[in-house]
Enquirer: 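So that we are looking at the same thing, I have put the structure below in structure tokens.
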Amino acid sequence: RLRALESAATHIASGRLDARVPTRGADSVGRLASSFNAMAEHLQTSLSTQRELVRAVSHELRTPVARLRFGLEMIADAPNETARRKYMDGMDSDIQELDRLVDEMLTYSRLEQGEPALKFPRVDLDALLDQVLSEQAPLRPAIRLLCGTTPAAEPVLVDGELRYLHRALQNLVSNAMRHAETRVRVSYYLQGEQCRVDVEDDGPG
């Protein structure tokens with residue numbers, strides 16, 4: 001059993017994190033084997049989480065970086081100071097979004113450690129959708145962004161973490177724009193105590 005532990009430790013040291021050992025017996029070797037397997041499971045989960053985080057961050061960075069590039073191109077062609085200031089303000093917002101991304105990565109790490117710090121205030125859904133659509137529209141001017149739901153007389157309020165709702169909707173709209181041929185349509189529907197948001201594009205599906 002000790003030789004099996006040694007062999008598994010060697011496998012893990014070489015990067016094979018799926019190595020496990022039999023946990024026969026209730027003696028010290030059996031308890032050591034159980035602890036070893038728990039350690040290996042934690043290492044494998046942590047590495048998988050880190051890889052997922054790297055992929056997510058790479059995806060999230062694309063949108064603000066693309067908008068910054070767009071802003072720089074437009075500043076060079078701005079006809080007057082007012083237009084130039086408008087693009088500079090947009091770029092400042094993108095830089096702030098990059099800062100928020102860093103904060104969200106730290107929050108992600110805290111969630112992994114089982115220490116969530118989420119708040120769920122009331123969010124104005126119409127205002128949020130308008131913000132997301134206005135942010136995404138310059139990235140592909142040929143794609144029409146449509147809101148398929150007529151704003152209600154009273155604000156439609158949903159309980160949620162504003163930053164993450166914004167991020168989720170931004171991802172959905174961005175992906176739809178990437179595959180759309182001419183348009184992307186965003187709608188929401190109230191169903192009792194729940195709200196459903198649909199993002200549709202006219203691409204190949």
Side-chain angles (χ1 to χ4, degrees), residues 52-53 55-75 77-79 82-83 85-101 103-105 107-108 111 116 118-205:
E52 180 184 345
L53 180 59
R55 286 195 297 268
V57 169
S58 300
H59 181 273
E60 300 292 356
L61 287 174
R62 288 194 182 102
T63 297
V65 169
R67 287 202 302 259
L68 281 169
R69 186 179 295 113
F70 171 80
L72 284 170
E73 293 172 354
M74 296 306 294
I75 282 177
D77 300 328
T82 301
R85 173 54 56 183
K86 174 185 175 183
Y87 293 122
M88 290 179 67
D89 289 343
M91 293 171 65
D92 184 64
S93 296
D94 293 327
I95 291 172
Q96 292 179 31
E97 181 171 344
L98 290 173
D99 286 337
R100 289 194 294 270
L101 268 174
D103 291 337
E104 290 173 21
M105 284 188 283
T107 298
Y108 190 96
L111 287 172
L118 302 177
K119 298 179 181 179
F120 299 98
R122 291 292 175 92
V123 176
D124 186 329
L125 187 58
D126 287 311
L128 176 59
L129 291 179
D130 286 344
Q131 178 185 356
V132 171
L133 295 182
S134 65
E135 290 171 347
Q136 297 298 309
L139 299 182
R140 288 197 65 189
I143 302 299
R144 295 175 58 213
L145 296 182
L146 308 173
C147 187
T149 304
T150 303
E154 297 293 329
V156 175
L157 302 177
V158 296
D159 297 327
E161 173 65 80
L162 177 59
R163 290 179 301 170
Y164 302 119
L165 280 177
H166 179 276
R167 181 77 58 220
L169 288 170
Q170 177 178 275
N171 283 346
L172 290 171
V173 173
S174 175
N175 288 339
M177 290 175 67
R178 191 174 299 116
H179 299 286
E181 294 182 358
T182 61
R183 64 174 176 79
V184 172
R185 182 174 180 269
V186 182
S187 308
Y188 64 81
Y189 304 91
L190 303 178
Q191 301 172 323
E193 294 298 312
Q194 295 185 333
C195 178
R196 189 187 85 201
V197 178
D198 290 345
V199 179
E200 305 168 273
D201 66 76
D202 62 349

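Nothing here was measured: the structure is a model prediction, and the numbers come from that model. Below, all heavy atoms of this structure are taken into account, side chains as well, without hydrogens, waters or symmetry copies.
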Enquirer: Hey, what do you get for CG (L139) to CZ (R178), rounding to the nearest 0.5 Å?
Expert: 10.0 Å

Enquirer: So which atom in L72 and which in M91 form the shortest heavy-atom distance, rounded to 0.1 Å?
Expert: CD2-CE, 3.4 Å

Enquirer: Find the distance between OG1 (T63) and CZ (R167) and round it off to the nearest 0.5 Å.
Expert: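 Reported to 0.5 Å precision, the distance equals 8.0 Å.
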
Enquirer: Would you please say whether a donor-acceptor pair under 3.5 Å links the side chains of H166 and E97?
Expert: no

Enquirer: Take atom CD of Q191 as the centre, draw a 6.0 Å sphere, and report whether it contains more than 12 heavy atoms from other residues, nucleotides or ligands.
Expert: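 Enclosed: over 12 neighbouring heavy atoms sit under 6.0 Å from CD of Q191.
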
Enquirer: Specify the closest pair of heavy atoms between P64 and L98, including all atoms of both residues, with the distance to one decimal.
Expert: CG-CD2, 3.6 Å

Enquirer: Minimum heavy-atom separation for Y87 and I75, please, with both atom names.
Expert: CB-CG1, 3.7 Å

Enquirer: Tell me, please, which residues at least two apart from D202 pass side chain to side chain contact (heavy atoms under 4.5 Å, CB included).
Expert: A180, E181, T182, R183

Enquirer: Main chain of N171, side chain of N175: is a donor-acceptor contact present, judged purely on distance under 3.5 Å?
Expert: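 Answer holds: yes.
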
Enquirer: State which residues pass side chain to side chain donor-acceptor pair (under 3.5 Å) with R196; sequence neighbours excluded, sorted by chain then number.
Expert: D198

Enquirer: With M177 as reference, evaluate D201, V184, L172 under the side-chain contact (heavy atoms from CB on, under 4.5 Å) test and give the passing residue.
Expert: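 Per the side-chain contact (heavy atoms from CB on, under 4.5 Å) rule, the option paired with M177 is V184, out of D201, V184, L172.
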
Enquirer: For the atom pair CD (Q194) and CG (D159), what is the distance rounded to the nearest 0.5 Å?
Expert: 11.5 Å

Enquirer: Do Q136 and S174 come close enough that some side-chain heavy atom pair is under 4.5 Å?
Expert: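 A side-chain contact exists here, since the closest heavy-atom pair is under 4.5 Å.
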
Enquirer: Can you find a pair of side-chain heavy atoms, one from T149 and one from V156, that are under 4.5 Å apart?
Expert: no

Enquirer: If you compare all heavy atoms of V197 against all heavy atoms of L169, which two are closest, and at what distance to 0.1 Å?
Expert: CG1-CD2, 3.7 Å

Enquirer: If you compare all heavy atoms of G148 against all heavy atoms of S187, which two are closest, and at what distance to 0.1 Å?
Expert: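 That would be CA-OG, 3.5 Å.
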
Enquirer: Within the structure provided, determine whether L165 and L125 are in side-chain contact (heavy-atom separation under 4.5 Å).
Expert: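 When only atoms from C-beta onward are counted, L125 and L165 do not touch, as no gap falls below 4.5 Å.
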
Enquirer: Between D92, D99, D94, which is the residue that forms a side-chain hydrogen bond (donor to acceptor under 3.5 Å, both in side chains) with Q96?
Expert: D92

Enquirer: Quick check: are there more than 12 heavy atoms from other residues, nucleotides or ligands sitting under 6.0 Å from CE of M74?
Expert: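 Counting neighbours around CE of M74, more than 12 heavy atoms of other residues, nucleotides or ligands fall under 6.0 Å, so yes.
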
Enquirer: Do the non-hydrogen side-chain atoms of V186 and L145 ever get within less than 4.5 Å of each other?
Expert: no

Enquirer: Check whether more than 12 heavy atoms from other residues, nucleotides or ligands sit under 6.0 Å from atom CZ of R144, and answer yes or no.
Expert: no

Enquirer: For a quick test of reading the model, state the closest non-hydrogen atom pair linking L133 to C147 and the distance between them.
Expert: CD1-CB, 4.3 Å

Enquirer: With side chains defined as the heavy atoms from C-beta onward, is the minimum distance between K86 and T82 less than 4.5 Å?
Expert: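 Answer no - side chains too far apart.
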
